[in-house]
Amino acid sequence: MENYQMPKLFHRFIAGFFMGVAEITPGISGATIAGLFNVYKGFISFLNSINPIKLNSGIKLFFKEIDINFIAPLLIGMSISIYLSAFAIDYLMSTYLFFFKLFLSFVMVIAVIKNCFFDQSFKESISYLLTFTFGIFIALIIALSIIQLDFNNFVLLLISGLLAFTAFLLPGISGSLVMVILGVYESIIVSIKELDFYSLMPFILGIGISFLIVPKQILNQFKNNEVQTKVFFSGLIFGSVPAVWVHLN
């Protein structure tokens, strides 16, 4: 039994590690990485199962729904990789910013090609093409906006945490790219690197709000129309390529 369980625990740890790396790297979707490691649905189901509202049914039933063997190695891997990656990304941005942007742009385009253009249903349906184009349009409006908002106060940092975690849960769009667009990415990286939880608190609170609201909606949406949702967010990520060059300094 131990020989069977250990590879599964290691697989989940590695999945969590690469999810963390992806999520802290603009342009790479942590949810997409979760899908590649076949842990995405389990991760979303876990988030949905630990909603505090379910405590009304009793604490034993609440904890019974949580698969510790699944989620513990995943979260440990994510936590370690996010902390270590903060140092690597801070170094890359300060030393090789141009090549870092070039790498991110390349990864984003490759992800879109994989998500859409190798999918036969995308090629055959004009509605998917329109959805993809609409995603590009929305992303370009955000990425090239001349309006600069101050996301360094408590309320707007909270909003950025909410949006970033929501994006993290959606395959095809990067939560850290949302942070780049909103102008908080570099400050969040520094706070993670320095373990400055006081500065991170409003961002973490925003994540918590998204965590309570979004997972169930994602599960419902994916059950109803998974392909359409992926195509839309692939359009978003493709249209967000200019944001890497405009907002990441």
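This is a predicted model, so every value here is computed, not measured.
Between I207 and L162, every side-chain heavy-atom pair lies at or beyond the 4.5 Å cut-off. Considering only heavy atoms from C-beta on, M19 comes within 4.5 Å of F168 through its side chain. F13 places none of its side-chain heavy atoms less than 4.5 Å from the side chain of L9. Put simply, the side chain of F154 reaches to within 4.5 Å of the side chain of L205, judged on heavy atoms. Looking at F43 and I71, their side chains come closer than 4.5 Å, going by heavy atoms from C-beta outward. Side-chain contact between V21 and M78 is absent, with no heavy-atom pair separated by less than 4.5 Å.
No more than 12 heavy-atom neighbours from other residues, nucleotides or ligands sit within 6.0 angstrom of CZ on F134. Surrounding CZ of F165 are more than 12 heavy atoms belonging to other residues, nucleotides or ligands, all under 6.0 Å away.
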Exercise for the section: Give the intermediate values and the outcome of side-chain contact (heavy atoms from CB on, under 4.5 Å) for residues Y185 and I189. Expected result: CA-CA 6 Å; Y185 181 71; I189 289 294; 3.8 Å; yes
Exercise for the section: Verify side-chain contact (heavy atoms from CB on, under 4.5 Å) between I89 and K193, making sure each step is shown before the conclusion. Expected result: CA-CA 10 Å; I89 288 174; K193 180 181 165 184; over 6 Å; no
Problem - Pair F203-M179, side-chain contact (heavy atoms from CB on, under 4.5 Å): steps then yes or no - result: CA-CA 10 Å; F203 184 79; M179 291 188 278; 3.4 Å; yes
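With rounding to the nearest 0.5 Å, the separation of OG in S81 from OH in Y83 is 13.0 Å. Put simply, CG on L158 and CD1 on I204 are 11.0 Å apart, with the number rounded to the nearest 0.5 Å. Annotation: the span from L163 atom CG to I209 atom CD1 amounts to 11.0 Å, rounded to 0.5 Å. To the nearest 0.5 angstrom, S191 atom OG is 8.5 Å from L157 atom CG. I44 contributes atom CD1, which lies 11.0 Å from atom CZ of F46 (distance to the nearest 0.5 angstrom).
Evaluation of the ring pair (Phe, Tyr, Trp, His ring centres under 6.0 Å) rule for F17 yields no partner, not counting sequence neighbours. Remark: S105 engages V241, V244, W245 in a side-chain contact (heavy atoms from CB on, under 4.5 Å) (not counting sequence neighbours). Under the side-chain contact (heavy atoms from CB on, under 4.5 Å) criterion, I14 pairs with F10, F18, F37, not counting sequence neighbours. The side-chain contact (heavy atoms from CB on, under 4.5 Å) search around T131 returns Q228, V231, F232, not counting sequence neighbours. With sequence neighbours excluded, the residues forming a side-chain contact (heavy atoms from CB on, under 4.5 Å) with I82 are I24, I192, listed by chain and number.
Shortest non-hydrogen contact noted between G175 and A167 is CA-CB, 3.8 Å.
Sorted by first and then second residue, the side chain to side chain donor-acceptor pair (under 3.5 Å) pairs with a member in residues 196-211 read T166-S210, D196-S199; sequence neighbours excluded. The list of salt bridge (charged side-chain N to carboxylate O under 4.0 Å, His left out) pairs with a residue in residues 30-40, not counting sequence neighbours, is empty.
Looking at R12, its side chain does come within 3.5 Å of a backbone N or O of N69 through a donor-acceptor pair.
In this structure, L200 is not a member of the same hydrophobic cluster as V190, with clusters built from ILVMFWY side-chain heavy atoms closer than 4.5 Å. Side-chain heavy atoms closer than 4.5 Å link hydrophobic residues (I, L, V, M, F, W, Y) into clusters, and following such links, possibly through other members, connects F197 to I188.
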Could you pull out all donor-acceptor pairs under 3.5 Å where a side-chain atom in residues 92-100 meets a protein atom, sequence neighbours excluded?
residue, atom, partner, partner atom, Å
S94, OG, D90, O, 3.0
S94, OG, Y91, O, 3.0
T95, OG1, Y91, O, 3.0

